[in-house]
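Report on the following structure.
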Amino acid sequence: MLDIELIRKKPEFLKRRLAERDKELAKLIDKILYIDKERRKTITQIENLRALRNRKSKEIGVLRREGKNTSLLEEEVRKLKEEIEKEEKKLFTLQKEFRSLMLNIPNIPHESVPSGEGEEDNVEVRRWGDPKKVNFKVKPHWEIGERLGILDFKKGATLAGSRFTVLKSAGATLERSLINFMLDFHINRGYKEIIPPHMVRPEILEGTGQLPKFEEDLYKCEKDNLFLIPTAEVPLTNLFRGEILREEDLPIYLTAYTPCYRREAGSHGKDIRGIIRQHQFNKVELVKIVSPENSYEELEKLVRDAEEILRLLKLPYRVVELCAGDLGFSASKTYDIEVWFPSQGKYREVSSCSNCEDFQARRMNTRYRDSSGKIRFVHTLNGSGLAVGRTLAAILENYQRPDGSIEIPEVLRDYVKADTIYPS
RNA sequence: GGAGAGGUGGCCGAGUGGCCGAAGGCGGCCGCUUGCUAAGCGGCAGAGGGUUAAUAGCCCUCCGAGGGUUCGAAUCCCUCCCUCUCCGCCA
């Protein structure tokens, strides 16, 4: 949620910044400004009426104790009450409209974010590692996985439909090993491990920005009014909702492994083969709650932490900075980390690291008291460290050998307890 | 799932219709005193919002959330959420 104070004071600045994302957004600002004016006018009116009512009610109390008749005053207050109720109804409608507008405006891009409309305008920041040169024809990970008997797409479809996959034997072990490897690494870097619920209430998703706008992308358990989490960012970031933290509590570093559940409503036909785009996938997530002064330093460090996993796995990758038009709803600035997929001759996203500044903090009402005693909103950051399934796919593709076997990256061998996956 | 108890400020806890944004304690902050990592004394301190140049005043709201009764609700009624105890079921 944006700061209404800022919208009032610098509407033109905001319109300019938001237009970087989407030209339509500027209109919303004018609409909000109008509603805000109306609602404040109504609030002032109601409060004046209430002040009058409070005074008269108190007077009634005093007169009664003196044993005097108060029926005339009572009648007056009754009339006031009716007037107040009328205005309150008006205010209720205005507030609802106001809130809904506020909740549907995305975050403003940070000034450093490159302008552009979509993926093609993202800016590469750095590259690491050289794609291996091989003298055989590389296979896509789904062929490798099926041949090795570790990825079973047919069974996935039998059990749950398309975009579900069954991992078997060494595939399942490799997935689990990756999770442990990633968690161990991040814990070592000072992140606190969390196992959160995988189902959350609607207001929790509103806190991080998935609701109300993106309900279509979520799985819902209608009967219990709970949603399956699309990422661990949701429960982790909301861990401190409604709290006023002490400055010395910050920064907070959290990590969690969870499955992520996404309906992929808008991506029909995309990445239909393999395990790149699944309805359920595993992810190790990183979340930071920090003070506003250093959130951008923290973002750089967060990216490095995620990158380090790929370096240790010796997988070639690049880091791109998302342009304004490609930015997620809650993010001010985002770096994607993309790993090399030789069969596609492309880098594909395995991590997205964002600084949401105070956008989520406002929605969740997460604040802290700074050294001068002032209460301020925290900044929240999140990043994948990393998407496990995609990392597994990248390993299959980058570590394939001509005989169809897979070399297991060195750092994983103690976890997998093997150095090669052979066809079974 | 059944029966019962309860949710008050950073924490503990009093408060069953007006003088309660809320006693008291602990903790916190500021001062004073004391020859000293303590004790004593005095003082300050909740959150959100409206108005405003104002972090000044004035006003409104907030005692789990939302409704209702009433001239007036932390206090009475209803619904929901959560916590605890007992029973049932269960990995």
Side-chain angles (χ1 to χ4, degrees), chain A residues 1-10 32-103 195-207 211 220-227 235 238-250 252 289 292 358 361-378:
Chain A
M1 199 150 56
L2 298 183
D3 183 4
I4 183 64
E5 222 37 59
L6 187 68
I7 299 178
R8 280 177 203 154
K9 284 183 181 150
K10 296 183 170 178
I32 284 187
L33 245 21
Y34 173 74
I35 302 269
D36 181 49
K37 221 166 122 191
E38 287 300 301
R39 71 177 255 280
R40 282 193 293 165
K41 221 161 61 190
T42 315
I43 286 170
T44 307
Q45 218 169 342
I46 289 175
E47 288 187 350
N48 287 340
L49 288 170
R50 283 212 271 242
L52 193 63
R53 181 200 60 190
N54 290 350
R55 266 202 308 274
K56 296 208 170 182
S57 282
K58 268 200 183 122
E59 211 178 312
I60 290 173
V62 174
L63 291 175
R64 281 230 180 142
R65 240 163 291 135
E66 291 169 2
K68 290 180 180 153
N69 182 291
T70 55
S71 51
L72 234 97
L73 257 182
E74 279 174 38
E75 187 48 39
E76 263 181 69
V77 180
R78 242 190 301 270
K79 279 204 188 111
L80 267 178
K81 193 186 162 188
E82 277 167 31
E83 222 175 313
I84 291 172
E85 273 167 8
K86 210 178 86 201
E87 290 299 308
E88 276 175 342
K89 264 193 201 118
K90 198 164 120 197
L91 180 63
F92 182 81
T93 314
L94 286 167
Q95 296 283 45
K96 218 171 98 187
E97 171 82 7
F98 177 72
R99 203 180 137 69
S100 143
L101 285 168
M102 289 295 282
L103 285 175
I195 297 183
H198 300 171
M199 303 165 99
V200 294
R201 301 173 190 283
E203 62 266 31
I204 302 302
L205 286 148
E206 193 178 280
L211 288 179
K220 184 176 188 186
C221 305
E222 200 69 54
K223 234 178 161 176
D224 303 287
N225 199 23
L226 290 171
F227 291 85
N238 274 282
L239 235 28
F240 304 97
R241 76 191 338 262
E243 288 193 31
I244 299 175
L245 300 162
R246 295 172 309 177
E247 191 167 42
E248 55 269 35
D249 294 334
L250 304 178
I252 295 169
I289 317 279
D358 63 5
R362 281 179 196 284
R363 293 173 159 244
M364 300 183 305
N365 202 21
T366 305
R367 296 166 296 171
Y368 79 105
R369 206 179 294 273
D370 72 12
S371 43
S372 70
K374 205 176 153 206
I375 290 172
R376 307 166 67 194
F377 287 106
V378 297

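By convention in this document, chain letters (A, B, ...) are assigned in the order of the sequence lines, proteins followed by strands, and residues within each chain are numbered from 1.
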Exercise. Is the closest side-chain heavy-atom distance between A/P202 and A/N225 below 4.5 Å?
Worked result: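 A side-chain contact under 4.5 Å exists here.
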[X] near the nucleic acid: base, sugar-phosphate alone, or nothing, with a heavy-atom cut-off under 4.0 Å?
| X | value |
| --- | --- |
| A/I60 | base |
| A/K81 | base |
| A/R65 | base |
| A/N48 | nothing |
| A/R246 | nothing |
| A/R376 | nothing |
| A/I375 | sugar-phosphate |
| A/R367 | sugar-phosphate |

N-O pairing of [X] and [Y] below 4.0 Å:
| X | Y | result |
| --- | --- | --- |
| A/E76 | A/K79 | no |
| A/D358 | A/R362 | yes |
| A/E83 | A/K86 | no |

If the [atom1] atom of [N] is compared with that of [M], how far apart are they to the nearest Å?
| N | M | atom1 | value |
| --- | --- | --- | --- |
| B/G7 | B/G66 | C1' | 16 Å |
| B/C19 | B/C29 | C1' | 30 Å |
| B/A74 | B/C62 | C1' | 11 Å |
| B/G64 | B/U83 | C1' | 10 Å |
| B/G27 | B/C80 | C1' | 34 Å |
| B/G24 | B/C36 | P | 31 Å |
| B/C76 | B/U16 | C1' | 8 Å |
| B/U8 | B/G13 | C1' | 9 Å |

For this session: Could you pick out which residue, A/I244 or A/L52, lies toward the 5' side of RNA chain B when each is mapped onto its nearest nucleotide?
Result: A/I244
Exercise. Which comes earlier along RNA chain B counting from the 5' end, the contact point of A/F92 or that of A/R369, where each point is its nearest nucleotide?
Worked result: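 Its nucleotide being nearer the 5' end, the pick is A/R369.
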Across all strands, who's sitting opposite [N] as a Watson-Crick or G-U wobble pair, both distances under 3.5 Å?
| N | value |
| --- | --- |
| B/A56 | none |
| B/C36 | none |
| B/G17 | none |
| B/U61 | B/A47 |
| B/C89 | none |
| B/G4 | B/C84 |
| B/C41 | B/G31 |
| B/G72 | none |

Exercise. Is there a donor-acceptor contact under 3.5 Å from the side chain of A/R39 to the main chain of A/Q95?
Worked result: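 Judged by distance alone, no pair lies under 3.5 Å.
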Exercise. Are the side chain of A/R241 and the backbone N or O of A/E203 linked by a donor-acceptor pair below 3.5 Å?
Worked result: yes
Problem set entry | Over all atoms of both residues, closest heavy-atom pair of A/E74 and A/I60 | CG-CD1, 3.7 Å
Problem set entry | Enclosure of A/R8 CZ (heavy-atom neighbours >12, cutoff 6.0 Å) |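 It does: A/R8 CZ has more than 12 such atoms within range.
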For this session: Heavy atoms of chain A, cut-off under 4.0 Å: which first and last nucleotide of RNA chain B, 5' to 3', fall inside that, if you could look?
Result: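 Contact boundaries, 5' end first: B/G18 to B/C82.
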Exercise. Taking only residues two or more places apart in sequence, or in another chain, which ones meet A/N48 in a side-chain contact (heavy atoms from CB on, under 4.5 Å)?
Worked result: A/T44
